[in-house]
Amino acid sequence: MNPTTILLDAEQEEEQTSPQAFNHDLVCFSHLRWDFVLQRPQHLLSRAARERRVFYIEEPQWHETGTPRLERYERDGVRVVTPHLPWMSNGEEARRVRRELIDELWEEEQIGRPVLWYYTPLDLSFTDHLEAAAVIYDCMDELSLFKGAPPYLKDLEQELFRRADLVFTGGQSLYEAKRSQHPEVHAFPSSIEAEHFAQARAPQADPADQAEIPHPRLGFYGVIDERFDLELLEGMADLRPEWQFVIVGPVVKIEEHVLPRRPNIHYLGSKQYRELPAYLAGWDVATLLFARNDSTRFISPTKTPEYLAGGKPVVSTSIRDVARPYGELGLVRIADTPEAFVKAAEAAMREDNAESGWLERVDDFLSRNSWDRTWAQMAQLITAVANHAAADEQAA
């Protein structure tokens with residue numbers, strides 16, 4: 001089945017069901033830098049920006065000295081705002097300064113009453129005075145379980161639940177964890193730009209830094225942090241020294257010296273989103289090498305459908321939102337130990353994915369999944385709550 005045909009069918013359906021969009025500005029507060037790794041916020045908010053002004057206020061850049069200021073630039077139609085702050089003597093002073101900068105932004109841009117969109121409850125500490133047409137909490141991770149999370153994050157999340165009109169979750173397991181805490185929780189798992197990653201199905205030249213690496217290649221792309229299973233990678237590299245393990249992505253929150261070093265492990269560093277299909281095309285198996293710990297309990301990796309759109313067999317550790325539905329549907333093999341992972345990868349490399357019907361089942365599953373569709377569904381919900389709030393104000 002042709003993935004392009006599938007996407008056209010899905011887009012036609014979206015055109016028929018797309019709602020009248022809300023007409024407010026959207027202001028997003030995020031702990032993630034816009035230009036770091038392209039993931040859920042960029043996919044969603046670049047689509048939001050097609051019909052309204054979108055401001056993306058990312059985490060501050062801290063300096064030894066200097067005057068607090070906001071740097072602004074535009075990317076993908078989104079107005080990215082980066083606070084530049086001197087180190088403050090205490091948290092309260094930092095919150096005061098950030099609040100003042102936000103008020104200046106509101107005045108300069110004449111923002112009024114926007115839709116406020118939060119990725120981190122921490123930013124509520126300096127934005128709780130803002131009036132909004134609607135408040136959205138897009139909970140893409142359980143941040144309280146991440147390395148270095150402050151102890152008061154959970155209290156701020158409870159306050160955000162009280163203020164939010166809608167709560168979106170980045171996966172089914174997060175939905176199950178949050179649905180009892182708010183009356184309007186909606187699961188929107190990781191989606192896909194299938195046409196982008198389907199480029200990996202076509203024969204093409206290897207990127208220069210991958211071209212000399214022998215086959216078979218087992219690949220991973222993504223952020224390498226406390227969620228990455230270093231012991232699993234090391235164990236597989238030792239069990240199969242003739243296999244090559246290609247690791248693409250930035251190393252954050254862990255020291256590089258803890259990464260396992262073997263002749264058959266290749267760390268290629270960060271790559272642009274547009275480059276990923278070329279790397280994926282050259283792999284024999286795509287992997288999800290996530291540790292099973294608190295920080296991965298609720299993750300829903302975007303790379304799962306991306307790997308599948310590229311037509312590559314996938315082996316993953318038993319991350320809940322990968323095992324269900326991808327593992328249960330037979331789209332992804334699940335293994336947790338080096339021995340089991342190697343066995344699963346061997347089975348994946350032996351299987352003829354076309355003859356087995358696996359690729360057809362992958363395309364059928366992905367045909368129901370796109371970032372365009374996800375955003376259209378979110379926009380419909382936001383429009384409903386914004387219109388309801390406006391009607392209440394007029395009646396008052």
(Q) Consider side chain to side chain contact (heavy atoms under 4.5 Å, CB included). Of Leu366, Asn369, Thr302, Asp372, which one does Ser191 pass it with? (A) Asn369
Q.
Can you tell me how the ring of Tyr56 sits relative to the ring of Trp34, calling it parallel under 30°, perpendicular over 60° and tilted otherwise?
A. perpendicular
Q.
For the CD atom on Glu108, are there more than 12 heavy atoms of other groups (residues, nucleotides or ligands in this structure) within a distance under 6.0 Å?
A. yes
Q: May I ask you to decide if the ring planes of His43 and Trp371 are parallel, tilted or perpendicular, using 30° and 60° as cut-offs?
A: parallel
When the side chains of residues 339-350 are checked against the rest of the protein, which donor-acceptor pairs come out under 3.5 Å, sequence neighbours left out?
unit_1	atom_1	unit_2	atom_2	d
Glu346	OE2	Arg240	NE	3.1
Glu346	OE2	Arg240	NH2	2.8

Q.
Take a 6.0 Å sphere around CD of Glu159 and say whether it holds more than 12 heavy atoms from other residues, nucleotides or ligands.
A. yes
Q: Anything under 30° is parallel, anything over 60° is perpendicular, the rest tilted; go ahead and classify His84 against His63.
A: parallel
Q) Once the angle between the rings of Tyr273 and His196 is folded into 0 to 90°, is it parallel (under 30°), tilted (30 to 60°) or perpendicular (over 60°)? A) parallel
Q) Are the side chains of Pro121 and Tyr137 in touch, meaning some heavy atoms are under 4.5 Å apart? A) yes
Q) So, do Arg99 and His129 sit near enough that their side-chain heavy atoms are less than 4.5 Å apart? A) yes
Q.
Does either side chain, that of Tyr221 or that of Lys271, offer a donor lying less than 3.5 Å from an acceptor on the other one?
A. no
Q: Determine the interplanar angle of the Phe290 and Phe220 rings, folded into 0 to 90°, and report it as parallel if under 30°, tilted if 30 to 60°, perpendicular if over 60°.
A: perpendicular
(Q) Under a 4.0 Å threshold between the charged nitrogen and the carboxylate oxygen, would Arg361 count as salt-bridged to Asp364? (A) no
